[in-house]
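Step one of this worksheet: look at the structure below.
Every chain is numbered from 1, with letters handed out A, B, ... down the list of sequences. Quick note: numbers below take in every heavy atom, side chains included, and nothing from hydrogens, waters or symmetry partners.
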Amino acid sequence: MTLRRVFHLLLRSYGPQHWWPGDSPFEVMVGAILTQNTAWGNVEKAIHHLRANDALSPEAITASLPGVLAGWIRPAGYFNVKTARLQNFCRWYLAAGAFDALQRLNTSTLRQRLLAVNGVGPETADDMLLYAFERPVFVIDAYTRRLLLRLGLAHGEESYDKLRHAFEQQLGATRRQVALFNEYHALIVMHAKVRCRKTPLCRGCCLLRNCPHGRHEVGTARGD
DNA sequence: ACCCAGGGTCATA
DNA sequence: TATGACCATGGG
């Protein structure tokens, strides 16, 4: 079972996902922070509050009182932590010259700059790189790890970057791969949301943490 | 009542 | 470097 074949099976099962739901690159980045360990539906409510209060801009977010901003993003959970992260990120974003200046940096440099921002870890940075800056960077999340584990393509000890590099090397990492990476990550998330359906990939197992099927061997998947 | 969600940071050993 | 605690709302 190759990573390319996994992609085609997922695409055949679920169809194109058309991520990321966001009107602008900046909105995508806000969403990337708000969705940390949080259901997307809750993030949408928070973003709606920001927009309704004309606060969906780096200037407005940095200018907001923390208590007020926390109230707006409340549905997204961890609102005190995320208030600090949003304001911290926006201060950095404005100081760096906003989107156009950042977009001129090469991917490796931009990734390092993003990771240096407190509150932005590997997955959040890669969400931004792929879905806001449209760079060929593969996003690894908990679902990706579980999927690889259950397909016998990973053991569970691999680092974030090792898995990311595996996807990028086997699928390629040029500009042409941006659309592929975009769909692939979205399809993995979709696959996790579909609970215990029979699809070519999961064979009846879902990707929930405690899915009883998760312990099952995937059988001949490795030799496919 | 429980489990989960499109993680990351910080303190501790 | 490697765990553990912590953050917190909302849907199934």
Side-chain angles (χ1 to χ4, degrees), chain A residues 7 10 14 16-22 25 27-50 66-92 111-133 135 137-150 155-164 167 181-197 202 205-215:
Chain A
F7 172 73
L10 288 171
Y14 306 114
Q17 300 301 305
H18 304 113
W19 271 27
W20 183 295
E27 183 177 333
V28 169
M29 294 188 266
V30 168
I33 290 173
L34 290 178
T35 199
Q36 291 170 352
N37 204 38
T38 300
W40 181 252
N42 291 349
V43 176
E44 286 186 318
K45 293 171 190 169
I47 290 179
H48 177 76
H49 289 157
L50 291 177
V68 175
L69 182 55
W72 290 334
I73 68 171
R74 190 176 146 96
Y78 305 125
F79 47 79
N80 289 318
V81 169
K82 287 175 178 174
T83 291
R85 288 182 184 174
L86 276 182
Q87 293 196 304
N88 186 41
F89 172 78
C90 288
R91 278 191 295 270
W92 167 84
R111 188 167 196 273
Q112 288 179 0
R113 297 279 297 277
L114 287 168
L115 287 175
V117 179
N118 189 295
V120 177
E123 185 181 341
T124 305
D126 291 344
D127 276 335
M128 294 177 177
L129 286 167
L130 178 60
Y131 292 100
F133 292 96
R135 307 302 180 91
V137 171
F138 201 92
V139 178
I140 304 296
D141 64 352
Y143 295 143
T144 310
R145 291 179 175 279
R146 281 175 233 161
L147 181 61
L148 294 177
L149 204 60
R150 289 167 193 184
H155 301 87
E157 310 165 0
E158 293 85 355
S159 68
Y160 182 98
D161 282 329
K162 178 173 181 178
L163 294 178
R164 182 169 66 87
F167 277 92
F181 290 2
N182 181 322
E183 278 299 328
Y184 205 153
H185 177 62
L187 281 165
I188 289 173
V189 174
M190 170 55 70
H191 182 60
K193 288 178 179 172
V194 177
R195 307 200 171 200
C196 295
R197 289 267 194 76
C202 72
C205 99
C206 65
L207 295 178
L208 295 177
R209 291 184 196 173
N210 288 335
C211 177
H213 303 133
R215 293 189 298 274

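Y143(A) has a side-chain polar atom (N or O) that falls below the 4.0 Å cut-off from OP1 or OP2 of dA5(B). Remark: T38(A) is not in phosphate contact with dT9(C), judged by side-chain N or O atoms under 4.0 Å from OP1 or OP2. Phosphate contact (OP1/OP2 of dA5(B), side-chain N/O of R146(A), threshold under 4.0 Å): present.
If you check dG10(C), dC7(C), dG6(B) against the side chain of V81(A), the one that comes closest is dC7(C). Nearest to the side chain of N37(A), among dG7(B), dG8(B), dG6(B), sits dG7(B). Of the candidate nucleotides dA8(C), dG10(C), dG8(B), dG10(C) has the atom lying nearest to any side-chain atom of K45(A). In the set dG6(B), dG7(B), dA8(C), the nucleotide with an atom closest to the side chain of Q36(A) is dG7(B). When distances run from any side-chain atom of N42(A) to the nucleotides dT9(B), dG10(C), dC7(C), the shortest one goes to dG10(C). Side-chain atoms of W19(A) lie closest to dG6(B) of the nucleotides dT9(C), dG8(B), dG6(B).
Here D126(A) does not pair with R135(A) in a salt bridge; the nearest charged N to carboxylate O distance is not below 4.0 Å. Residues R146(A) and D141(A) are not paired through a salt bridge, judged by the lack of any N-O separation under 4.0 Å between the basic side chain and the carboxylate.
In this structure, dA5(B) forms a base pair with dT9(C), meeting either the Watson-Crick or the G-U wobble geometry with both donor-acceptor distances under 3.5 Å.
Note: W40(A) and W19(A) fail the aromatic proximity criterion, with ring centroids not under 6.0 Å apart. Between Y184(A) and F167(A), the gap from one ring centroid to the other is short of 6.0 Å.
With rounding to whole Å, F79(A) atom CZ is found 6 Å from dA8(C) atom C1'.
Residue contacts shown for K82(A) are absent, as no nucleic acid heavy atom lies under 4.0 Å away. V120(A) comes within contact range of the sugar-phosphate backbone alone, with a heavy-atom separation under 4.0 Å but no base atom that close. Contacts of N118(A) with the nucleic acid, taken as non-hydrogen atoms under 4.0 Å apart, involve only primed sugar atoms and P, OP1 or OP2.
With values rounded to the nearest 0.5 angstrom, T144(A) atom OG1 is found 5.5 Å from F138(A) atom CZ.
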